[in-house]
Amino acid sequence: MSSVPSSPLAAPAAAAYDPDARLSALAWLRANLFSSVWQSLLTLAVAFVLIRFFWFVLDWGVVNAVFYTTDPDVCRAATGACWAVIAEKHRPMLFGLYPYDEHWRLVLMMAIYLGTVVLSLWPRCWNLRFLVPLWIVSSLSIGVLMFGGVLGLRYVPTSEWGGLPLTMLLFTGTVLIGMPVAVLLALGRRAPLPVARGVSVVFIEALRGVPLITILFVAVNVFPLFLPAGVEVNKLLRITVGIAIFFACYQAEVIRGGLQAIPRGQYEAAASLSLSYWQTTRRIILPQALRISLPAITNHIIAAMKNTSFVIIIGLFDILTATTAVMQDPLWRKFYIEAYLFVAAVYLFFGYALSLYARQVEKWIASGRI
Amino acid sequence: MNQTHATGLSVLAALLLAGAGTAAFAQSGDTLAAVKERGEVLCGVHPARHGFAAPDSQGKWSGFEVDFCHAIAAAVFGDANKVRFVALSSQQRFPAIQSGEVDVLARNVTATLSRDTALGLNFAPPIFYTGTGFLVRAADGIEKVEDLDGAAICMAPGSTTERNVAQIFSARGLSYTPVVIENNKQLVDAYVTGRCDALTKDKAALPGVRAFDTEAPGDHVLLPGIYSKEPLAMAVRQGDDKWYDLVKWVTYATFNAEELGVTQANVDEMKASDDPDIQTLLGVIGDNGTKLGVANDWAYAVVKQVGNYEDIYMRHFGPDSPVALDRDQNQLWTDGGLLYGFPMH
Amino acid sequence: MTDANPGLRGKRPRRSPKDILYSESFRTAVYQIALAAAVALLGFYLYQNVVENLARQNIATGFGFLEQVSQFEIGETLIAYSARDTYGRALAVGLMNTLSVSAAGIVVATVIGFSVGIARVSSNWLLQRLATAYVEIVRNIPVILQVIFWAAVIRNLPAPRQAVELWGLGFLSNRGLTFAMPSAHAAHLWMLAALGAGIALAILASHKAKRHREATGRYIDMLWPCVGLIVGLPLLVWLGFGAPHEISFPERRGFNFAGGATISPEFVALMTGISLYSSGFIAEIVRAGIQATPRGQVEAARSIALRPRFILRYVVLPQALRVIVPPLTSQYVSLIKNSSIAVVIGYPDLVNIGNTVMNQTGQAVEAIAVMMLVYLIVSLATSLLMNLYNRLVAIKER
């Protein structure tokens, strides 16, 4: 949100947000920073803290920092940050346990992945005749790159996947599996069939009441016992499905909110056209419901990205696990703050990009473009 | 129209499910057959325990227990490399073997009665005898476990160490604060940064921590003495005697090879030996392989590609390795140790 | 109109099997039965597989393990516990730890969240920007990363011997926060009782005052009388016991500190991580709540010269809380669930202890089922409590 509507408590400064009023810089300062003695004192206090903070950041993070060295002793001698730890360790941090010589495959994979995602998010490309082949081709090439075993590429089992590509795959898998399940659960909860309603309600509420960790425990430790002897499901897949179902239960509630907001008349109109339940749902109800609940849906999608980091508990080498493992190196251990800041920056970057895009989509919807 | 559409979809889904079910049903119960069909042994190992199992920076696994996984692969396939390693945390290891995610557990598992029974495991003969040990900072001046009264002690959850420490301390009327962390990296980090006064693990695992995870290994000492019995053994699922037999006899083969003087270096010459025990071991005479369901020269492949017990031990704990450990009880019975290979005829 | 249409002849329509097949109610019934059967079959199939798998491998089953002796110690316990107690009690200790870290986290997250939320709508541009930046940062970094970060920070504090001294009142070291505490005294329990009585009396008195106001229109300011009751009663009890003022100061001894009270590093790290993360979300909820009050209402209140304090208390808050409480509930529930991250850094919460139990007994299915069930109950109980509170603040039709 670029401009926060002023609060009812903040009446005196209301003029500051009035777009019609053009204020001079001085008047703006008066209205927004120095409107009263109290406000002035507050401004000065906040400014003091901020300046101290930025001064520290500058001093620690730039002036006295070491940006590149391969010798940890250089870093130890410096009083500032040691950004060199990222240069030194970025490969195990970003790629985890994946065989060192094959890291180029991951770079290529991420390029294909990001390209596919960016194209899919661009309204100009919203055409099934383009998107379906695009996803087929890119999933296939990502699969070939990640697994190998063909075209002379070395086979890499999923247990050796790691780092940022793994985080990306977990996230994508969560959304791709989770969204349809969420829609089904939401429809189930609003279905005219009492049994379907009951099953959906129990499923959604039970899973929303437990921590993600316990669902991961089930996926890793218990689920194999549910299968007949000899049947195996890949662990990475089990974990992805576990996160996806957890995600779906939250998303289902959001979509249900959207479904509830749809006026009765829409259903009646559909019924008068003698559309069937699925036709009504697919063509009339769902598109509107998803549009209504879009802001909340994006919030949960961003949350799903953050939630992939829970896999550290079951020892999957996503970017966070890989970083904690790397920071085990006794020579570089001291510079954990820099390494964690780097990982935080990666998450912030992707989260910010997603929320920017979501805002754009809301604008498109508001302007009737989609 | 849409009715048929929906029905069609559900039929398709049902068919897919059923197909997936039956396709994967092919194997069950018989681990050896399943392993052969898969073409590799799935071996559960410790994610990072220097000397026992740890991946290098290129992701290649090495270690004492890793070599025993290789030995099983050599016995089954005649190729020690047909093995895939699955790193398991202490929490995941038992569910992983129970559920069939791995074929064999070579992951610092202490053989105990309750694990043998309630956990549904079968233990092969122990490959490493050790006990609870404590790593402490030299500067703290701790010389014996009594000096640790009131200390904070870092340990992994569900390990036998967790119980042993409770017993060791209560038997001596001492108190301590356990700091229990599952994630091995976080656990070691907690000790190294000083959150705990002592780190407790199997004694054999501590030199690896000291050598690889501390800034100055000289600043840390291992408390002398062993405070509990920790026979580490490979474990398989109960109810599959054939596979259990194989793992058991691969273990004995490494003991017996050492006892008979058959080493990785001389195994080819030894094949020509006229000692019937050696001939039986290496499959020149007899039908041990047939009885176990593998090639008759299985033990030859084990010694040739991986080595006898001494070869394996020296590779990872020998005086030149970073994790040097005296053999102590891990010597042949003929040298006063506990390793006693059953006769192989 | 022809006789071909039977409906118009006043006779009951004869239904052919085809009609039944295509009738709405029949199809609905079939779908429901099919769904119920599918769910039941799936459940039975999975159950059957588990039983078969466990039996084939002779793995122990059932909840008998809860009665067995645990044989392990726990670092932090709120109830008496030793290695000679049962697994069941160990899990209870874990639950208490989960609840205590969650309760502390909820208080901290609420205080920070409300402060930042109010700052978000401040008329002070600088403060408002600062609050926005805070919210964006804490919300968008995974909570697990935040917890690991704080754990690393605290572990890297100096050892007890070089602990940071806090104005002679306590120490900050890699063993946690150790601080001075009044020595245990019988008076404390009575003071606690007096505090409870004070709060109850204050609530009763304000209620009376409200009734009085509604009946007569006369306002009685209850702020100071209430403060007096809540603070004064325990103070009186304390004085009545002869004002015991012995304070236990921590001092360095052996590996650690003796005296005072200590909060473990894991507790501090976990509490900080989960409460900062939640505070970002709470701040947004509070902002939305405050903005939900139409501006005209405040202007109207001001125009009748209501004091600012009363505008907040009687105009803004009642409307804001109505918007705030439901989403706040889910934030509290997710904070409680986030406390399960404890297992990563070694705080002995329910999951961490459940982990140990699962390992020692090997009964993964049962141990995980216990954990999930307990969390489910705690989550539902929290929702229930908050719903009760919500009913208090919701619009009352009069």
Side-chain angles (χ1 to χ4, degrees), chain A residues 1 4-14 16 31-33 35 39 42-43 46-47 50 192-196 199 205-206 208-214 217-218 221-222 224-229 302 306-310 312-313 320 324 327 334 336-337 340 343-344 347-348 351-352 355, chain C residues 28 31-32 35-36 39 46 49-50 52-54 56 118 120-128 130 132 136-137 140-145 148-149 152-153 156 287 290-291 293-295 297-299 302 308 311-312 316 333 337-338 340-341 343-344 351 358 364-365 368 371-372 375-376 379-380:
Chain A
M1 199 159 279
V4 176
S6 65
S7 89
L9 292 177
N32 291 295
L33 295 173
S35 58
Q39 289 293 331
L42 188 65
T43 304
V46 174
L50 276 179
L193 319 175
V195 176
V199 171
E205 294 305 329
R208 271 160 35 106
V210 299
L212 178 54
I213 290 178
T214 56
F217 281 174
V218 170
N221 295 332
V222 176
L225 292 172
F226 284 141
L227 299 175
I302 295 173
K306 290 180 288 169
N307 278 347
T308 56
S309 59
F310 273 73
I312 188 173
I313 289 155
L320 179 57
T324 60
M327 294 324 289
K334 281 225 169 75
Y336 65 94
I337 291 185
Y340 288 141
V343 180
Y347 277 106
L348 280 177
Y352 189 63
S355 59
Chain C
T28 309
Y31 283 153
Q32 299 222 62
L35 183 65
V39 170
L46 297 180
N49 278 333
V50 172
E52 209 170 274
N53 279 326
L54 296 181
R56 188 163 38 79
I118 292 169
R120 279 280 267 133
V121 293
S122 161
S123 58
N124 189 307
W125 182 85
L126 203 56
L127 186 65
Q128 182 237 311
L130 184 66
T132 310
E136 290 304 327
I137 289 174
N140 285 312
I141 298 176
V143 56
I144 219 160
L145 173 56
I148 290 178
F149 176 80
V153 167
N156 282 283
R287 177 181 66 81
I290 294 176
Q291 285 172 348
T293 308
R295 125 158 273 111
Q297 301 237 351
V298 180
E299 278 159 7
R302 203 176 278 125
I311 299 180
L312 189 66
V316 178
V333 171
K337 291 195 290 171
N338 281 341
S340 57
I341 294 171
V343 71
V344 184
V351 172
M358 173 167 27
V365 182
I368 292 173
M371 283 185 228
M372 293 180 105
Y375 271 106
L376 199 56
S379 302
L380 291 179

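Below, each value reflects all heavy atoms present in this structure, side chains not excepted, and no hydrogens, waters or symmetry copies. Each chain gets a letter, A, B and so on, in the order its sequence line appears, and its residues count up from 1.
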Heavy-atom side-chain proximity of Phe310(A) to Ile341(C) below 4.5 angstrom: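 A side-chain contact under 4.5 Å exists here.
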Pairwise side-chain contact, Thr132(C) with Arg120(C), heavy-atom cut-off 4.5 Å (strictly under):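 Yes, close enough: below the 4.5 Å cut-off.
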Interface residue of largest heavy-atom contact number with chain C, from [options], under 4.5 Å:
options: Lys334(A), Gln39(A), Arg208(A); value: Gln39(A)
options: Pro224(A), Pro211(A), Pro192(A), Ala47(A); value: Pro211(A)
options: Ala344(A), Ser355(A), Ala206(A), Pro194(A); value: Pro194(A)

Calculate, to the nearest 0.5 Å, the distance between atoms [atom1] and [atom2] belonging to [X] and [Y] respectively.
X: Thr214(A); Y: Met372(C); atom1: OG1; atom2: CE; value: 4.0 Å
X: Glu136(C); Y: Tyr352(A); atom1: CD; atom2: OH; value: 8.0 Å
X: Asn221(A); Y: Met358(C); atom1: CG; atom2: CE; value: 5.5 Å
X: Ile141(C); Y: Tyr347(A); atom1: CD1; atom2: OH; value: 11.0 Å
X: Ile144(C); Y: Lys306(A); atom1: CD1; atom2: NZ; value: 12.5 Å
X: Ile313(A); Y: Leu212(A); atom1: CD1; atom2: CG; value: 7.5 Å

Top contributor to chain A contacts, counting heavy-atom pairs under 4.5 Å, from Leu127(C), Asn49(C), Leu126(C), Val343(C):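 Top option by heavy-atom pairs under 4.5 Å: Asn49(C).
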Contact winner vs chain A - Ile137(C), Leu145(C), Val351(C), Leu35(C), heavy-atom pairs under 4.5 Å: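 Of Ile137(C), Leu145(C), Val351(C), Leu35(C), Leu145(C) has the most heavy-atom pairs under 4.5 Å with chain A.
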Please classify the contact of [X] with chain A as side chain, backbone, both or neither, using a heavy-atom distance under 4.5 Å.
X: Leu54(C); answer: side chain
X: Glu52(C); answer: neither
X: Leu380(C); answer: neither
X: Val344(C); answer: side chain
X: Ile368(C); answer: side chain
X: Val39(C); answer: side chain
X: Val143(C); answer: side chain

Exam field: side chain Asn140(C) to backbone Leu348(A), donor-acceptor pair closer than 3.5 Å: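 A pair under 3.5 Å: no.
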Under 3.5 Å: donor-acceptor pair, side chain of Gln128(C), backbone of Val121(C):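 A pair under 3.5 Å: no.
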Heavy-atom contact with chain C under 4.5 Å, split by part of [X]:
X: Thr308(A); answer: neither
X: Leu50(A); answer: side chain
X: Ile312(A); answer: side chain
X: Leu320(A); answer: side chain
X: Val343(A); answer: both

Mutual orientation of the aromatic rings belonging to Phe149(C) and Tyr336(A) [parallel < 30°, tilted 30-60°, perpendicular > 60°]: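 If you compare the ring of Phe149(C) with that of Tyr336(A), the planes turn out tilted.
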